[in-house]
Amino acid sequence: MGQHTLLDGAKDRTVTGETVADAKPKTIKNTKKLFIKTYGCQMNVYDTERMREVLAPVGYEPIDGPEGADMVVLNTCHIREKAAEKVYSELGRIRKLKEKKAKMGDGKMIVAVAGCVAQAEGEEIMRRAPIVDLVLGPQTYHKLPEMIAKISRSRGERLETSFDTQEKFDALPVARKPDGYTAFLTIQEGCDKFCTFCVVPYTRGAEFSRPVDQIVAEARSLVSQGVKEITLIGQNVNAYLGKAPKVEGDGEWGLGQLIRHLATMGGLERLRFTTSHPRDMDDELIAVIAEEPKLMPYLHLPLQAGSDRILRAMNRGHTFAHYRDVIARIRKARPEIALSSDFIVGFPGESELDFQCTLDAVREIGYGAAYSFKYSVRPGTSGAALPGQIDEDVKSERLARLQALLQEQQKAFNQSLIGRTLDILVEGTSRGQDGLFGRAPYLQGTHFKGDESLVGTIVKVKIEDAGLNSLSGTLVDG
Ligand code: SAH
Ligand code: SF4
Ligand code: F3S
């Protein structure tokens, strides 16, 4: 999944979540209202859930807007300039609400900035936005209750951006309360690859893989509460190399082995993983893609650019020929697989000819979905200092051409599903349509008529219509 759907998805999650239905009776003293707004990628969606869990025992219950909240957390993204800017404009709105709350004698609103902007620009946030009480980097969420206690006593540090990924995962509770029938599960965090455009190695730190036992315990907790589909997430998820289960001795497992193991879990029907890097697609993982029916036939494998010159300048560590070869092996292993990718246009030095290579690559590979972005100069990355920065107009024009091609492919792919019967995981009822809504194996939202009792199950739907982002059809018996 790429960034723009994630931003929307993340927004949705902040307004659903464990809200009214899960709320304890309001008579309990010291119940405080918590609002977390999530930006960015799946990592942040996952972390938001974990922050809610860590704050529940100290009396915080989620609400679906910032108005009247006792604590507001912005879980931020630093990937592109626009993403980072959003934080400051949101803080402007929050300031008014905080002042209003204080004026009404309704107590203090604690404002925290978490996530990747916090990690990258902690000091600047505190300087530019004095209403911010707490700044927390992504590896420090387990310390939230302690930090709140400190600032409530009006002393202690307001900025916590230390990097200890292991400590974070060890300290967070493993028993999770899921939010629906699908869940993200972080298995790997951080990145050592240092692509020259990217802030992630700086905001999330070095690669860290969680031990298998910890992941299995978390998956089991999710499944026991009704989750049917788990997406294993990591910045470089296929670089996963985690401590093997205790019973297996001292070794380490790769992603392929982890998936094989998780797939044996009763009640868990579907597995996905994202985001992979073309350099880390090993034979074991490709064999698992071929052999494991619970693994959905959809793979997000970002190419970024089609020109070898640009791939080198981006420090991606592979050529287009390597990517082509990986894709051929994956398609041979699982012919029905659909692919998606991320692309960046207008990287420094990208000529019209380089850009044509990206268009050619898209035509050659053929994608079921894709996410594309204009290169955004990020402070601290080596790309920022490169000569040959591209004009904004040129970037916009290239992005439009690329997106036209990608949309054409996405539409054609969705339309190719018309007439086929797909397994749909029913996620809920679709508003105003007297029907149900679910996810296809290829991730498209799918609408069809059916009884509410089917929510949370996997049903067969014959696809009859397809748009750019969604499918619709008719429920098939059995
Ligand atoms: N780990 C993943 C990507 C994580 S960031 C990978 O290696 O593919 C998600 C996407 O944001 C990237 O794939 C890239 O397409 C985009 N992106 C990252 N930095 C960017 C920048 N500076 N400007 C524009 N897009 C960027
Ligand atoms: Fe960023 Fe590259 Fe790491 Fe992906 S692999 S997170 S693009 S540095
Ligand atoms: Fe954004 Fe941080 Fe994710 S920069 S894309 S929230 S890892």
Side-chain angles (χ1 to χ4, degrees), residues 1-7 9-10 37-48 74-84 86-87 113-121 137-139 165 184 186 188-208 233-240 273-281 299-305 310-311 313-318 323 339-348 350 358 370-386 389-390 392 395 398-399 402 406:
M1 249 183 279
Q3 301 303 314
H4 57 241
T5 39
L6 296 174
L7 286 169
K37 182 158 182 165
T38 313
Y39 302 84
C41 67
Q42 296 100 325
M43 286 284 167
N44 273 5
V45 175
Y46 176 87
D47 284 344
T48 288
L74 303 183
N75 193 7
T76 61
C77 174
H78 200 239
I79 202 82
R80 285 170 289 274
E81 195 181 352
K82 267 200 191 126
K86 280 187 191 155
V87 180
V113 178
C116 292
V117 181
Q119 189 67 43
E121 300 180 4
Q139 310 310 346
T165 318
F184 292 131
T186 296
Q188 180 278 339
E189 194 165 345
C191 182
D192 298 336
K193 292 202 164 58
F194 291 91
C195 301
T196 53
F197 52 81
C198 184
V199 293
V200 170
Y202 309 99
T203 62
R204 294 274 168 171
E207 276 182 15
F208 169 79
I233 57 173
Q235 261 96 26
N236 282 289
V237 76
N238 56 343
Y240 176 83
F273 60 89
T274 199
T275 292
S276 300
H277 195 289
R279 265 156 68 188
D280 297 319
M281 272 334 275
L299 179 69
H300 183 61
L301 194 63
L303 172 62
Q304 311 297 357
I310 297 300
L311 285 171
M314 286 176 163
N315 192 32
R316 290 293 286 177
H318 66 85
Y323 185 85
L339 297 163
S340 72
S341 174
D342 294 340
F343 294 97
I344 295 177
V345 299
F347 187 80
E350 184 187 70
T358 299
Y371 309 91
S372 41
F373 314 99
K374 288 190 270 187
Y375 171 69
S376 169
V377 178
R378 305 311 292 128
T381 62
S382 54
L386 288 176
Q389 300 285 335
I390 306 293
E392 226 26 55
K395 286 186 202 170
R398 287 181 188 164
L399 186 68
L402 176 60
L406 290 168

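All ligand and atom numbering here is 1-based and tracks the order in the structure.
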Identify, by atom number and element, the atoms of ligand 3 in contact range of [X], meaning under 4.0 Å from any of its heavy atoms.
| X | result |
| --- | --- |
| Cys116 | 2 (Fe), 4 (S), 6 (S), 7 (S) |
| Cys77 | 1 (Fe), 4 (S), 5 (S), 6 (S) |
| Asn44 | 6 (S) |

Can you tell me if [X] uses its side chain to pair, donor with acceptor, with the backbone of [Y] under 3.5 Å?
| X | Y | value |
| --- | --- | --- |
| Asp280 | Asn238 | no |
| Tyr375 | Lys395 | no |
| Asn315 | Thr196 | no |
| Asp192 | Glu207 | yes |
| Thr165 | Phe208 | no |
| Arg316 | Leu303 | no |

Taking N or O atoms only and a 3.5 Å limit, does [X] qualify as a polar contact for ligand 1?
| X | result |
| --- | --- |
| Gln235 | yes |
| Asn236 | no |
| Phe197 | yes |
| Gln304 | yes |
| His277 | no |

Identify, by atom number and element, the atoms of ligand 1 in contact range of [X], meaning under 4.0 Å from any of its heavy atoms.
| X | answer |
| --- | --- |
| Asp342 | 9 (C), 10 (C), 12 (C), 13 (O), 15 (O) |
| Arg80 | 11 (O), 16 (C), 17 (N), 23 (N), 24 (C), 25 (N), 26 (C) |
| Tyr375 | 23 (N), 24 (C) |

Quiz item: Any idea which part of Pro302 is under 4.0 Å from ligand 1, heavy-atom wise: side chain, backbone, both or neither?
Solution: side chain
Quiz item: How does Ile344 reach ligand 1, by side chain, by backbone, by both or by neither, if only non-hydrogen atoms under 4.0 Å count?
Solution: side chain
Could you list which atoms of ligand 2 come closer than 4.0 Å to a heavy atom of [X]?
| X | answer |
| --- | --- |
| Cys195 | 2 (Fe), 5 (S), 7 (S), 8 (S) |
| Phe197 | 7 (S) |
| Lys193 | 5 (S) |

Practice problem: Indicate whether any N or O donor in one side chain lies under 3.5 Å from an N or O acceptor in the other, for Gln119 and Gln139. | Solution: no
Self-check item: Cys198 near atom 1 (Fe) of ligand 2: N/O/S under 2.8 Å
Solution: yes
Would you call [X] and [Y] a side-chain contact if the rule is heavy atoms closer than 4.5 Å?
| X | Y | value |
| --- | --- | --- |
| Leu406 | Ser372 | yes |
| Met281 | Ser276 | yes |
| Cys77 | Lys86 | no |
| Glu81 | Val377 | no |
| Glu121 | Val87 | no |

Out of [options], whose heavy atom is nearest to [atom]?
| atom | options | answer |
| --- | --- | --- |
| atom 7 (O) of ligand 1 | Arg316, Lys193, Lys374 | Arg316 |
| atom 7 (S) of ligand 3 | Met43, Gln235, His78 | Gln235 |
| atom 7 (S) of ligand 2 | Arg316, Met314, His277 | Arg316 |

Quiz item: Do Phe347 and Phe373 have their ring centres less than 6.0 Å from each other?
Solution: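 So the answer is no for these two rings.
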Quiz item: Between Lys374 and Glu392, is there a salt bridge with N-O shorter than 4.0 Å?
Solution: yes
Quiz prompt | Closest protein heavy atom (residue, atom, distance) for atom 3 (Fe) of ligand 2 | solution = Cys191 SG, 2.2 Å
Taking 4.0 Å as the limit for heavy-atom contacts, which would you say applies to [X] with ligand 2: side chain only, backbone only, both, or neither?
| X | value |
| --- | --- |
| Phe194 | backbone |
| Pro201 | side chain |
| Thr275 | neither |

Quiz item: N/O/S of Cys41 less than 2.8 Å from atom 3 (Fe) of ligand 3?
Solution: yes
Quiz item: Once you round to the nearest 0.5 Å, how far does CZ of Phe197 lie from CD1 of Ile79?
Solution: 8.0 Å
